[in-house]
There are 2 protein chains.
Amino acid sequence: MFSKACTYGIRALILITQRSNEGEKIGAKEIAEVTATPEPFTAKILQQLSRQGIIQSVKGPRGGFYLDDEQQNTPLYTVVAAIDGDQLMTGCGLGFLECSDEKPCPMHAKFKSIRASINKMLQSTTLKDLSNDVEGGLSFLSLKN
Amino acid sequence: MFSKACTYGIRALILITQRSNEGEKIGAKEIAEVTATPEPFTAKILQQLSRQGIIQSVKGPRGGFYLDDEQQNTPLYTVVAAIDGDQLMTGCGLGFLECSDEKPCPMHAKFKSIRASINKMLQSTTLKDLSNDVEGGLSFLSLKN
DNA sequence: ATAATAAAAGACAAAAATATCTTTTATTTC
DNA sequence: GAAATAAAAGATATTTTTGTCTTTTATTAT
């Protein structure tokens, strides 16, 4: 469903959101450790998210990554689109370019409601939502791969 | 969502089902042309599906691929599992191994109903269903990529 | 039997995704 | 200002996916 880069990115963002709420920044090394992801690869993804304005970064001692208040309201949709593109959310399930309601591929109808619920979920779930659940003990970010 | 191999495989299977209903076999070359897929790659996927008992194949002149009656009732689930595995249907959305209802990842709850509808769709849709829609003009298999 | 046909198998090639390593730049602390 | 720190950037490596090509095997038709 999502690429590894995307799952690593989401995991990292949830953790950064948590720390940001505690007024802390967090470095790539600790992010990789806590989220069980390969550090240099995760660092690359964070770089990309920073360039795209999804996170803030500060170089140097006591530097690291954080999210400002506005960024904590970023919906998952934006994150997934930034890393994986929007093929999952808008593209044809069988990979056809010309597929549409008017000229549907054989899976078009079957896919429609599924795509709708994926989109709804991605648009209505923010980083803050996910981080709140972890904070409240409803879910866990530190699981093994 | 699906790999290219999987979308090519599904496209091919729908066409083979149509032809099988007309009592015809169809060769890899024509399959690739009609479904707009790379021929040798599609041929490889068909080989794999044949080994896995999802399609029948006959070598030599007038040979080709076809589905027997039972195989036409194969649900998409079986096809997707055969080509892509069942990570999409059963795995964790964030890629964690240990994710479960008891110890859920941050996206677990959000994903649950989506995964359920994906599974339901894949289990309840057969190759024959999809081929019937194409046959009835409700959907189209020959679209551009 | 022979020739023609079409899938099977296996080797090979290219591209994309994943992962790592090194050097540079910015920032902070002393 | 110098040293230390941590992200940015860029080069490189590995693996997986996608795609192609060649040879072999089975079948059919003549």
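Order of the sequence lines sets the chain letters (A, B, ...), proteins ahead of strands, with each chain counted from 1.
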(message) Nearest to the side chain of B:Gln47, heavy atoms from C-beta on, is which of D:dG19, C:dT29, C:dA8?
(response) C:dA8
(message) Starting the side chain at C-beta, find the nucleotide from C:dT18, D:dT18, C:dA9 nearest to A:Ser3.
(response) C:dT18
(request) State which of C:dT28, C:dA8, D:dA7 makes the closest approach to the side chain of A:Arg62. (result) C:dT28
(request) Return the value, rounded to whole Å, for the distance between atom CD1 of B:Ile83 and atom P of D:dG19. (result) 13 Å
(request) Please determine if B:Lys110 and A:Asp129 form a salt bridge, counting it only when a charged side-chain N lies under 4.0 Å from a carboxylate O. (result) no
(request) Counting heavy atoms from C-beta on, name the nucleotide in D:dT18, C:dA7, C:dT20 closest to the side chain of B:Ala5. (result) D:dT18
(request) Please tell me which of the listed nucleotides, D:dT25, C:dT20, C:dT28, lies nearest to the side chain of A:Phe41? (result) C:dT20
(message) Taking the side chain as everything from C-beta on, heavy atoms only, tell me whether B:Met121 gets closer than 4.5 Å to A:Met107.
(response) yes
(message) Once you apply a heavy-atom cut-off of 4.0 Å, does A:Ala28 come out as touching a base, just sugar-phosphate, or nothing?
(response) sugar-phosphate
(message) Whole angstroms only, please: what is the CD1-C1' distance between B:Ile54 and C:dA7?
(response) 17 Å
(message) Which nucleotide wins on minimum distance to the side chain of A:Pro61, given the candidates D:dT28, C:dT28, C:dA8?
(response) C:dT28
(message) In this structure, how many angstroms lie between the P atom of C:dA6 and the NZ atom of B:Lys59, rounded?
(response) 14 Å
(request) Could you work out which one of D:dC21, C:dT18, C:dT20 sits closest to the side chain of B:Pro40? (result) D:dC21
(request) Using atom CD of A:Gln48 as one end and atom C1' of D:dA7 as the other, report the distance to the nearest whole Å. (result) 15 Å
(message) Can you give me the closest heavy-atom contact between B:Phe140 and A:Glu102, atom names plus distance?
(response) CE1-O, 4.4 Å
(request) Return the value, rounded to whole Å, for the distance between atom CZ of B:Phe2 and atom P of D:dT17. (result) 16 Å
(message) On the nucleotide C:dA8, are OP1 or OP2 found under 4.0 Å from the side-chain N or O atoms that B:Ser50 carries?
(response) yes
Show the atom names and distances, to 0.1 Å, of all donor-acceptor pairs under 3.5 Å that link a side chain in residues 21-33 of chain B to residues at least two apart or in another chain.
| from | atom 1 | to | atom 2 | distance (Å) |
| --- | --- | --- | --- | --- |
| B:Asn21 | ND2 | B:Thr17 | O | 3.3 |
| B:Asn21 | ND2 | B:Gln72 | OE1 | 3.4 |
| B:Glu30 | OE1 | B:Arg19 | NH1 | 3.4 |
| B:Glu30 | OE2 | B:Arg19 | NH1 | 3.0 |
| B:Glu30 | OE2 | B:Arg19 | NH2 | 2.9 |

(message) Can you identify which nucleotide, out of C:dA11, C:dA19, D:dA7, has its nearest atom closest to the B:Lys44 side chain?
(response) C:dA11
(request) Whole angstrom is fine here: how far is it from OH in A:Tyr8 over to P in C:dT18? (result) 8 Å
(request) Starting from P on C:dA7, measure out to CD on B:Glu30 and report it in whole angstrom. (result) 11 Å
(message) Check the phosphate of C:dA8 against B:Ser57, side-chain N and O only, distance under 4.0 Å to OP1 or OP2. Yes or no?
(response) yes
(request) Could you give me the CA-CA distance, side-chain angles and deciding distance for A:Asn73 and A:Thr126, then say whether side-chain hydrogen bond (donor to acceptor under 3.5 Å, both in side chains) is met? (result) CA-CA 5 Å; A:Asn73 292 321; A:Thr126 67; 4.9 Å; no
(request) Provide, to the nearest angstrom, the distance between the CZ atom belonging to A:Phe65 and the P atom belonging to D:dA6. (result) 12 Å
(request) Could you work out which one of D:dG19, C:dT25, C:dC21 sits closest to the side chain of B:Pro38? (result) D:dG19
